[in-house]
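First comes the structure, then the notes that go with it.
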Amino acid sequence: MEKVKAKKHLGQHFLKDETVAKRIADTLDPHNYKDVLEIGPGMGVLTKYLLEKPIQLHVIEIDRESVAYLDQNYPMLQGRIISQDFLKYNIKEIFGESQFAIIGNFPYNISTQIVFRMLDFRWQIPEFAGMFQKEVAERICEKKGSKTYGILSVLVQAFYDAEYLFTVSEDVFIPPPKVKSGVLRLRRKDNFTLPCNEKLFFRIVKTGFQQRRKTLRNSLKSLNLSDKLREDAIFDQRPEQLDVQQFISITQKIEADGV
């Protein structure tokens, strides 16, 4: 086991366990893409294993000290180290319209924002894998009926098959976090275009879960549903009781209702 000297920044905890790093790198299955973007590589503990794979690796890192370290110690990445904030950077500048995967040991404090940003580019991202705070990873993969099932669960699973792979203990990081981590993999569905207005679908899911304890009849009041539509039994449900297909059905009903 090799220890990697690194500092914590932006809520990130750096891996010091090479075995875990290799396991994360091995979650990717590049069969229909060659380009991969690693988010937040830090000092490159995961990067080194990704570079062994038959892929074209790019890394994006906001911390200047980490960028300098990568530039000095990974010359094979020359020209493919992007010193930018992933949440603000236009990744089409790297990949154009090409397909690419995303992987990383994601900073806890922006991990959900990274997933939402990834969804904005879902047409280009067939695979997404990486490490999150355990509760966040579980939430993304959760099924209906759970208290942790929410906006992130529905929106991700509408377009991707989500798989929770393994749990990582606190003591394999510098500095150790106060919580466990979880590694997941998302694989885009073969048919990932929804049979409804996708913008309206997003709006309904987000609006519904903002008042998750209420029935959808009450939480979706702002959509000005017709009296006839409000009588539909599906609106008696609370949002966590509905799976992706049921949210699609609601979207179709509301769309037909003229919203």
Worksheet item: Do Lys143 and Asp243 meet the salt-bridge criterion of a basic N to acidic O distance under 4.0 Å?
Response: no
Worksheet item: When the aromatic ring centroids of Phe106 and Phe132 are compared, is their separation below 6.0 Å?
Response: yes
Item to complete: Report yes if some heavy atom in the side chain of Val45 is under 4.5 Å from a heavy atom in the side chain of Glu18; otherwise report no.
Response: yes
Discussion item. Ring centroids only, cut at 6.0 angstrom: are His58 and Phe95 within range, meaning strictly under it?
Written reply: yes
Worksheet item: Should Glu38 and Thr47 be marked as a side-chain hydrogen bond (donor to acceptor under 3.5 Å, both in side chains) after you check the CA-CA gap, both sets of side-chain angles, and the distance that decides it?
Response: CA-CA 8 Å; Glu38 182 187 0; Thr47 310; 2.6 Å; yes
Fill in: Aromatic Phe192 / basic Arg188 pairing, under 6.0 angstrom, 45° off normal
yes
Worksheet item: Distance under 6.0 Å and angle within 45° of the ring axis: does Lys221 meet both against Phe235?
Response: no
Worksheet item: Do any N or O atoms from the side chain of Thr207 and from the backbone of Arg203 form a donor-acceptor pair under 3.5 angstrom?
Response: yes
Item to complete: Identify whether the distance between the nearest side-chain nitrogen and carboxylate oxygen of Glu135 and Arg139 falls below 4.0 Å.
Response: no
Worksheet entry | Carboxylate-amine/guanidinium proximity below 4.0 Å for Arg187 and Glu163 | no
Fill in: Pairing of Asp26 and Lys22 as salt bridge, 4.0 angstrom limit
yes
Worksheet item: Going by heavy atoms in the side chains, are Arg238 and Lys214 under 4.5 Å from each other?
Response: no
Practice prompt. Give a yes or no on whether Glu93 atom CD has more than 12 heavy-atom contacts from other residues, nucleotides or ligands under 6.0 Å away.
Written response: yes
Practice prompt. Before accepting this row, confirm whether a basic side-chain N of the pair Lys178/Glu170 lies closer than 4.0 Å to the acidic partner's carboxylate O.
Written response: no
Worksheet item: Can a salt bridge be assigned to the pair Glu198 and Arg122 using a cut-off of 4.0 Å between side-chain N and carboxylate O?
Response: yes
